[in-house]
Chemist: 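Would you mind keeping the following structure in view while I ask a few things?
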There are 2 protein chains.
Amino acid sequence: MTNKNDYILVVDDERAIRDMVCMALAQELYQWEEASDAHKAESIIKQNPPQLILLDWMMPGISGIDFARKLRRMPETEHIPIIMLTAKTEEDNVIRGLESGADDYLTKPFSPRELIARIKALLRRSKQENTQDIIRVNGLMLDTGSYRVEGNGQTIELGPTEFKLLRFFMENSDRVFSREQVLNNVWGDNVYVEERTVDVHIRRLRKALEKTGLQDMVQTVRGAGYRLSNK
Amino acid sequence: MTNKNDYILVVDDERAIRDMVCMALAQELYQWEEASDAHKAESIIKQNPPQLILLDWMMPGISGIDFARKLRRMPETEHIPIIMLTAKTEEDNVIRGLESGADDYLTKPFSPRELIARIKALLRRSKQENTQDIIRVNGLMLDTGSYRVEGNGQTIELGPTEFKLLRFFMENSDRVFSREQVLNNVWGDNVYVEERTVDVHIRRLRKALEKTGLQDMVQTVRGAGYRLSNK
DNA sequence: GTATAGTGTCATATATATGTAACATAACTT
DNA sequence: AAGTTATGTTACATATATATGACACTATAC
């Protein structure tokens, strides 16, 4: 099923690379958009988020690695797969690239076949993970596409972390997660923060839910962790 | 809770790779086993199935891809996560690797950090899938995922220890356990508490079950200990 | 830049769980 | 039945877990 909104964003300052990449994409009948720098890319993403981003590592202005990191921090873009494009001499930095949030990387020069293969693999994986755009639990409604939350019809304002937290609990509702599990799933694996920090964000989430009367859905299970439930 | 049977199986014909990988695993305090080919790996898996398999793509004899496919066909191994290790020149085949049933792949050369990060992510995902299950005994229902207990449809409120206690008895229903055995299994091995403490918690458990009329399932076996039974 | 919002950590308050002792009751023994 | 032992029950001091507000610091927006 091809959605008109499904497209790949190509971000590279070199026109030659963009042309080569886009040619390959066209041949495979992918839709695409081009951006010559991070700023342009950002405004395109905000208007219409792509399904995948091909991102040059070295760019004037905001570098690819910084841009990737930024995208990973924002809930509305954090799930978009990123393939980093690196020049041969920069190979050593690949690890830093992956740590900044890229899902895969390609070393220039690369063949169109290789490019397409990686794109396919990544899209397949991300399709599996991306369940639905709108999740509902009890009176709660969370739209992962527009990054909006409603409780009993009322709009709820949430910070990025609370949003991710609520999303995680809504995707796994009625299950208890220990603070450690919450940290691993919401904050990420190799991030070190205190377990008590979870308490604080739970508190902030509850506070935000108060005006809708849904705050009791976020439940404490003593000795075990937290749970989102409609009971 | 670290289980002695939790370990990672490393399958690669090159000793250098195995050494590098195992060193990284050791540093993270993972248990592991090594196998230099698919046949050896298979016999190890049959004896004691690992929690995760690191599998080289190119091996003499049965290739990694064929072996992965085989593991996916057998019910007792189909749920074991597999990370494929591929050499750089084999990159185009990555997709075939993923299609054969691998859950993730790493391109050599890879850094220990990257290896560990992927292992952690995969183990976390697989642990979460296996954790939830529902135990039923007579009219009792205990959900380990949501930490909920019901007796004849009614919700039962339990403290952490009573929950663990009931879970233990439900997992081993109709068997008598001495107070010492109960302490070892529910409290943990190297904890010292009075044996009579068990009595008190049994009492608390019975009290919590009272409203459902199921309190008689927790039975005293004079001189021996306690038992959970439907008779 | 300055203003604003978001984050993680700590200190403190509050709530709940735990282990033990003491006494009560029931069950076997003779 | 009295004596003896095992278990039941309750109360309570203590330990532990969670809630909450304040604060310093960072990131983001304007």
Side-chain angles (χ1 to χ4, degrees), chain A residues 38-39 42-43 45-46 62 66-78 100-101 147 149 156-167 176-180 182-184 186-188 190-210 215-227, chain B residues 147 149 156-167 176-180 182-184 186-188 190-210 215-227:
Chain A
H39 275 299
E42 196 170 350
S43 76
I45 292 168
K46 276 193 175 150
I62 301 171
D66 289 336
F67 189 49
R69 212 172 266 136
K70 186 173 184 182
L71 292 173
R72 280 293 178 265
R73 271 199 304 264
M74 296 189 292
E76 63 269 38
T77 58
E78 70 171 342
S100 75
Y147 175 50
V149 184
I156 298 170
E157 298 292 340
L158 291 179
T161 306
E162 282 73 53
F163 179 84
K164 285 189 269 182
L165 188 63
L166 181 59
R167 175 180 180 163
V176 175
F177 293 91
S178 68
R179 292 174 175 72
E180 193 192 338
V182 172
L183 284 176
N184 285 335
V186 177
W187 273 257
N190 9 350
V191 183
Y192 181 68
V193 285
E194 290 290 323
E195 292 207 337
R196 297 271 127 232
T197 301
V198 176
D199 300 32
V200 178
H201 283 276
I202 286 283
R203 158 71 178 145
R204 288 169 181 158
L205 178 55
R206 281 174 174 155
K207 209 168 202 169
L209 294 180
E210 261 171 24
Q215 72 282 151
D216 290 342
M217 287 183 65
V218 181
Q219 301 172 349
T220 303
V221 180
R222 217 152 216 282
Y226 296 97
R227 166 179 66 195
Chain B
Y147 269 76
V149 184
I156 299 170
E157 298 291 343
L158 292 179
T161 306
E162 283 72 56
F163 182 86
K164 282 186 273 182
L165 189 62
L166 180 59
R167 176 180 180 165
V176 179
F177 293 92
S178 69
R179 292 174 175 72
E180 194 192 340
V182 172
L183 283 176
N184 285 336
V186 177
W187 273 256
N190 18 358
V191 185
Y192 182 69
V193 286
E194 290 290 325
E195 291 207 340
R196 297 301 313 279
T197 300
V198 175
D199 299 32
V200 178
H201 283 278
I202 286 284
R203 158 68 178 148
R204 287 170 180 153
L205 179 55
R206 281 174 175 154
K207 206 170 202 168
L209 295 180
E210 263 171 22
Q215 73 281 152
D216 291 342
M217 286 182 66
V218 181
Q219 301 171 351
T220 304
V221 180
R222 218 185 147 77
Y226 297 97
R227 167 180 63 194

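Chain letters run A, B, ... following the sequence lines, proteins first, then strands; residues in each count from 1.
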Chemist: Can you tell me if Glu180(A) has over 12 outside heavy atoms packed within less than 6.0 Å of its CD?
Modeler: no
Chemist: Between Trp187(A) and dT7(C), is there a side-chain N or O to OP1/OP2 distance below 4.0 Å?
Modeler: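 Negative; the distance criterion is not met.
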Chemist: Among residues at least two apart in sequence or on other chains, which ones pass side-chain contact (heavy atoms from CB on, under 4.5 Å) with Asp216(A)?
Modeler: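 Expected list: none.
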Chemist: Could you give the NE2-to-C1' distance, from His201(B) to dA17(C), as a whole number of Å?
Modeler: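 The distance from NE2 of His201(B) to C1' of dA17(C) comes to 8 Å, rounded to the nearest Å.
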Chemist: For the pair made of CG in Leu158(A) and P in dT7(C), what is the distance, rounded to whole Å?
Modeler: 10 Å
Chemist: Measure from CD1 on Ile202(B) to C1' on dA6(D) and round the result to the nearest Å.
Modeler: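 The distance from CD1 of Ile202(B) to C1' of dA6(D) comes to 15 Å, rounded to the nearest Å.
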Chemist: As an exercise, state the distance from CD1 of Ile202(A) to CG of Leu166(A), rounded to the nearest 0.5 Å.
Modeler: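 Separation between the atoms: 9.5 Å.
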Chemist: Atom CD of Glu195(A) to atom P of dC10(C): distance rounded to whole Å?
Modeler: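 After rounding, the reported distance stands at 13 Å.
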Chemist: Could you state the NZ-C1' distance from Lys164(B) to dT18(C), rounded to the nearest angstrom?
Modeler: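 Between C1' of dT18(C) and NZ of Lys164(B): 11 Å.
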Chemist: Indicate the atoms forming the closest heavy-atom contact of Trp187(A) with His201(A), along with that distance.
Modeler: CZ2-CD2, 3.6 Å
Chemist: Take the protein atom CD of Glu194(B) and the nucleotide atom C1' of dA6(D), then report the distance between them rounded to whole Å.
Modeler: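 In whole Å, dA6(D) C1' lies 15 Å from Glu194(B) CD.
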Chemist: Once you round to the nearest 0.5 Å, how far does CG of Asp199(B) lie from OG1 of Thr220(B)?
Modeler: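 Spacing of CG (Asp199(B)) from OG1 (Thr220(B)) equals 8.0 Å.
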Chemist: Can you measure from CZ (Phe67(A)) to CD (Glu42(A)) and round to the nearest 0.5 angstrom?
Modeler: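 Output value for this atom pair is 5.5 Å.
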Chemist: Each nucleotide in nucleotides 23-30 of chain C should get exactly one letter: B, S or -. Can you fill that in based on protein heavy atoms under 4.0 Å?
Modeler: ----BS--
Chemist: To the nearest Å, give me how far apart CG (Asp199(A)) and C1' (dT16(D)) are.
Modeler: 13 Å
Chemist: Under the rule for salt bridge (charged side-chain N to carboxylate O under 4.0 Å, His left out), what residues qualify as partners of Arg222(A), not counting sequence neighbours?
Modeler: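 None.
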Chemist: Check Ile156(A) against Ala208(A) and note the closest heavy-atom contact, atom names and distance.
Modeler: CG2-O, 3.7 Å
Chemist: What one-letter contact string describes nucleotides 21-30 of chain D from 5' to 3', where B marks a base within less than 4.0 Å of any protein heavy atom, S marks contact via sugar-phosphate atoms alone, and - marks no contact?
Modeler: BB----SS--
Chemist: Check whether any side-chain N or O of Thr220(A) sits under 4.0 Å from OP1 or OP2 of dA19(D), and answer yes or no.
Modeler: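 Looking at the OP1 and OP2 atoms of dA19(D), one of them is under 4.0 Å from a side-chain N or O of Thr220(A).
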Chemist: Quick check on dT18(C): is either OP1 or OP2 less than 4.0 Å from any side-chain nitrogen or oxygen of Thr197(B)?
Modeler: no
Chemist: Check Ile62(A) against Ala38(A) and note the closest heavy-atom contact, atom names and distance.
Modeler: CB-CB, 3.7 Å
Chemist: Minimum heavy-atom separation for Tyr147(A) to Gly159(A), with atom names?
Modeler: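 Looks like OH-C, 4.0 Å.
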Chemist: Between the protein and nucleotides 1-3 of chain D, list every N/O to N/O distance that falls short of 3.5 Å.
Modeler:
none

Chemist: Which part of the nucleic acid does Phe163(A) contact within heavy-atom distance under 4.0 Å: base, sugar-phosphate only, or nothing?
Modeler: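 The residue Phe163(A) makes no contact with any strand.
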Chemist: OP1 or OP2 of dT9(C) less than 4.0 angstrom from a side-chain nitrogen or oxygen of Tyr192(A), does that happen here?
Modeler: no
Chemist: State, to 0.1 Å, how close Val198(B) and Arg179(B) come at their nearest heavy-atom pair, and which atoms those are.
Modeler: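 It is CG2-O, 3.9 Å.
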Chemist: Distance from Leu165(B) atom CG to Phe177(B) atom CZ, nearest 0.5 Å?
Modeler: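 The CZ atom of Phe177(B) is 11.0 Å from CG of Leu165(B), to the nearest 0.5 Å.
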Chemist: Please check this pair: side chain of Arg206(A) against backbone of Val218(A), looking for a donor-acceptor N/O pair closer than 3.5 Å.
Modeler: yes
Chemist: Roughly what angle, to 10°, lies between the helix axis at the start of the helix from dG1(C)-dC30(D) to dT30(C)-dA1(D) and the one at its end, five pairs per end?
Modeler: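 Roughly 40° between the end axes, to the nearest 10°.
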Chemist: Could you measure the distance from the CG atom of Leu205(A) to the CD atom of Glu210(A)? Nearest 0.5 Å is fine.
Modeler: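 So the CG of Leu205(A) and the CD of Glu210(A) are separated by 10.5 Å.
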Chemist: Does Thr161(A) put a side-chain nitrogen or oxygen below 4.0 Å from OP1 or OP2 of dG6(C)?
Modeler: no
Chemist: Within this structure, what is the CG-to-P distance between Leu183(A) and dT9(C), rounded to whole angstrom?
Modeler: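 Nearest whole value for this atom pair: 9 Å.
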Chemist: Would you name the heavy atoms of Glu195(B) and Leu183(B) that are closest together and state the gap between them?
Modeler: CA-CD1, 4.1 Å
Chemist: According to a strict under-4.0 Å criterion, is Arg179(A) in side-chain N/O contact with OP1 or OP2 of dA17(D)?
Modeler: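 So the side-chain polar atoms of Arg179(A) never come under 4.0 Å of the phosphate oxygens OP1 or OP2 of dA17(D).
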